[in-house]
Amino acid sequence: MTKALDWENLGFSYMKLPYRYLAYYKDGQWQKGELTEDATLHISECSTSLHYGQQAFEGLKAYRTKDGSIQLFRPDQNAKRLQRTAERLMMAPVPEDMFIDACKQVVQANQDYVPPYGSGGTLYIRPLLLGIGDIIGVKPADEYIFTVFAMPVGNYFKGGLQPTNFLIQDDYDRAAPHGTGAAKVGGNYAGSFVPGQLAKERGFSDVIYLDPATHTKIEEVGSANFFGITADNEFITPLSPSILPSITKYSLLYLAEHRLGMKAIEGDIFLDDLDKFVEAGACGTAAVISPIGGVQHGDDLHVFYSETEVGPVTRRLYDELTGIQFGDVEAPDGWIVKVDEQ
Ligand SMILES: *Cc1c(COP(=O)(O)O)cnc(C)c1O
């Protein structure tokens, strides 16, 4: 039985669900993981995740389809990205099948909290990899925790498919050119709190960061990738080694080309060139597609399509993507993984 929650107005906040998955890495191998009702982690005060930021996370969603079944969207891509992040931080990689199995188990055990089809809600899944143990020297841990928990969520940015404005930030960078920008690690986020707060105080949804080397190109939004649509039917998204490679972004590149017949391009988006874009948006698992009304840079507010209405191409991309995720539109091969219900 699905719980009686206010499914239409979930927002994006933590909710302690009955079950989460927990596995330990010890003596050079992963131990068998299991579901637990204990939502508190018990780790050494000397854990590398606490002192040196040796931690990584992922984010994906479970979707309720029209027939009541539950499915995941491209979890293999999240598994592979967590492995790449683990490699960058010298952490024990989580095998892909273990990752997907853990996500499925958590969704299944908490299936009453997967929002009903049509409510707009989804079950957000948060896998977390932490270096633990008693190591004070600056070196990687010998022991790790892999945990996966979940919560029902609605919109990440207020407004959903309503456009909002973003602030282009000159004074702060999210990541360094050869740093950890492409790894999904907490450290990239802690440093974004100050610029994020400054943007929110001025009424913007979030910050748009510039490329850290030259500050002439758009890099990404604090927690989502950027894309623009040109009048020539091109879908363009920035290419940079310090951007977090968004699975939503790569899915949209594919859909723009193969379903909407657009030219899909990963390339430079110069600040001086924003006039060529007739629409723009931010994309990510949490944000889905958030239309960008305008971007403020210094004293200049650049409006793409409209500050109040979503553009037609952005809407088509949104419908195609969410149609696939909720099972209404045929998915490209391998994009959907079903979760068996109990
Ligand atoms: C997770 C994340 C994204 C979005 O990636 P998806 O795979 O689409 O969810 C974008 N930018 C940053 C900084 C992120 O951490």
Side-chain angles (χ1 to χ4, degrees), residues 49 52-59 80-91 138 156-157 164-202 204-228 235-250 252-253 264-277 280-287 290 292 294-302 304:
S49 53
Y52 305 127
Q54 199 195 21
Q55 68 85 248
F57 68 101
E58 272 300 327
K80 290 186 174 90
R81 187 170 63 192
L82 184 60
Q83 290 183 341
R84 292 196 301 271
T85 301
E87 198 179 320
R88 179 67 181 81
L89 267 57
M90 289 187 77
M91 307 176 82
V138 180
Y156 181 75
F157 291 120
T164 55
N165 289 351
F166 288 70
L167 179 66
I168 294 180
Q169 181 56 267
D170 272 317
D171 298 335
Y172 295 89
D173 291 328
R174 191 189 78 90
H178 302 285
T180 54
K184 207 165 174 75
V185 299
N188 292 340
Y189 276 81
S192 74
F193 290 163
V194 165
Q197 177 67 17
L198 293 172
K200 274 161 203 154
E201 278 168 6
R202 292 177 57 192
F204 296 100
S205 264
D206 207 341
V207 172
I208 290 177
Y209 293 96
L210 299 177
D211 74 291
T214 69
H215 272 212
T216 58
K217 298 178 271 188
I218 286 188
E219 178 102 346
E220 73 165 305
V221 180
S223 52
N225 279 185
F226 179 94
F227 68 85
F235 176 97
I236 310 183
T237 177
L239 183 64
S240 152
S242 44
I243 289 179
L244 193 284
S246 154
I247 294 159
T248 316
K249 187 258 302 282
Y250 285 113
L252 290 176
L253 277 163
I265 302 162
E266 278 188 277
D268 291 332
I269 296 188
F270 286 98
L271 281 180
D272 288 346
D273 228 8
L274 291 185
D275 282 341
K276 75 176 186 189
F277 295 102
C283 64
T285 298
S290 249
I292 297 179
V295 289
Q296 183 83 35
H297 186 217
D299 295 331
D300 175 51
L301 176 69
H302 182 95
F304 292 101

Which atom names give the shortest non-hydrogen contact between [X] and [Y], and what distance separates them?
| X | Y | answer |
| --- | --- | --- |
| Ala224 | Ala282 | CB-CB, 4.0 Å |
| Leu82 | Ala56 | CD1-CB, 3.8 Å |
| Gln169 | Pro195 | NE2-CB, 3.8 Å |
| Ala175 | Gly181 | CB-CA, 3.4 Å |
| Asp173 | Tyr209 | C-CD2, 3.9 Å |
| Arg88 | Ala183 | CG-CB, 4.3 Å |

Would you mind reporting whether [Y] and [X] have side-chain heavy atoms less than 4.5 Å apart?
| X | Y | result |
| --- | --- | --- |
| Gln296 | Phe166 | no |
| Phe277 | Ile269 | yes |
| Leu167 | Arg202 | yes |
| Gln83 | Glu87 | no |
| Phe304 | Val295 | yes |
| Ser205 | Asn165 | no |
| Leu271 | Ile218 | yes |
| Pro177 | Ser242 | no |

Lys/Arg-Asp/Glu bridge criterion (N-O < 4.0 Å) met for Arg174, Glu219: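 Here Arg174 does not pair with Glu219 in a salt bridge, since their nearest N and O are not under 4.0 Å apart.
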
List for me each residue that meets side chain to side chain donor-acceptor pair (under 3.5 Å) alongside [X], sequence neighbours excluded, and say none if there are none.
| X | answer |
| --- | --- |
| Asn225 | Glu220, Lys249 |
| Asp170 | His297 |
| Thr85 | none |

Please determine whether salt bridge (Lys or Arg N to Asp or Glu O under 4.0 Å) holds for the pair Lys184 and Glu58, giving the CA-CA distance in whole Å, both sets of side-chain angles, and the decisive distance to 0.1 Å. CA-CA 7 Å; Lys184 207 165 174 75; Glu58 272 300 327; 5.7 Å; no

Look up atom OH in Tyr250 and atom CZ in Arg81, then write down how far apart they are to the nearest 0.5 Å.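 If we round to the nearest 0.5 Å, Tyr250:OH and Arg81:CZ are 10.0 Å apart.
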
Hey, what do you get for CG (Leu244) to OG (Ser223), rounding to the nearest 0.5 Å?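 Atom-to-atom, Leu244:CG and Ser223:OG are 10.0 Å apart.
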
Thr216 and side chain to side chain contact (heavy atoms under 4.5 Å, CB included): which partner among Leu210, Asp211, Asp268, Asp272?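 That would be Asp211.
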
When you measure from the side chain of [X] to the backbone of [Y], do you find a donor-acceptor pair of N or O atoms at a distance under 3.5 Å?
| X | Y | result |
| --- | --- | --- |
| Glu266 | Ile236 | no |
| Asp206 | Ala199 | no |
| Thr248 | Thr285 | yes |

How far apart are the C-alpha atoms of Gln54 and Val185, what are their side-chain angles, what is the distance that settles it, and do they pass the side chain to side chain contact (heavy atoms under 4.5 Å, CB included) test? CA-CA 8 Å; Gln54 199 195 21; Val185 299; over 6 Å; no

With side chain to side chain contact (heavy atoms under 4.5 Å, CB included) as the criterion, how do Ile292 and Phe226 come out once you've worked through the C-alpha distance, each side chain's angles and the decisive distance to 0.1 Å? CA-CA 9 Å; Ile292 297 179; Phe226 179 94; 3.6 Å; yes

Please evaluate residues Glu201 and Gln197 with respect to the criterion side-chain hydrogen bond (donor to acceptor under 3.5 Å, both in side chains), reporting the C-alpha separation (whole Å), side-chain torsions for both, the decisive distance (0.1 Å), and the verdict. CA-CA 6 Å; Glu201 278 168 6; Gln197 177 67 17; 3.1 Å; yes

Quick check: Phe227 with Phe235 (ring centres under 6.0 Å apart)?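 Between Phe235 and Phe227, the centre distance is under 6.0 Å.
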
Audit row: Thr164, Phe204, side chain to side chain contact (heavy atoms under 4.5 Å, CB included) steps and yes/no: CA-CA 7 Å; Thr164 55; Phe204 296 100; over 6 Å; no

Step-by-step ring-ring contact (aromatic ring centres under 6.0 Å, His included) determination, Tyr189 to Phe57: CA-CA 11 Å; Tyr189 276 81; Phe57 68 101; 5.6 Å; yes

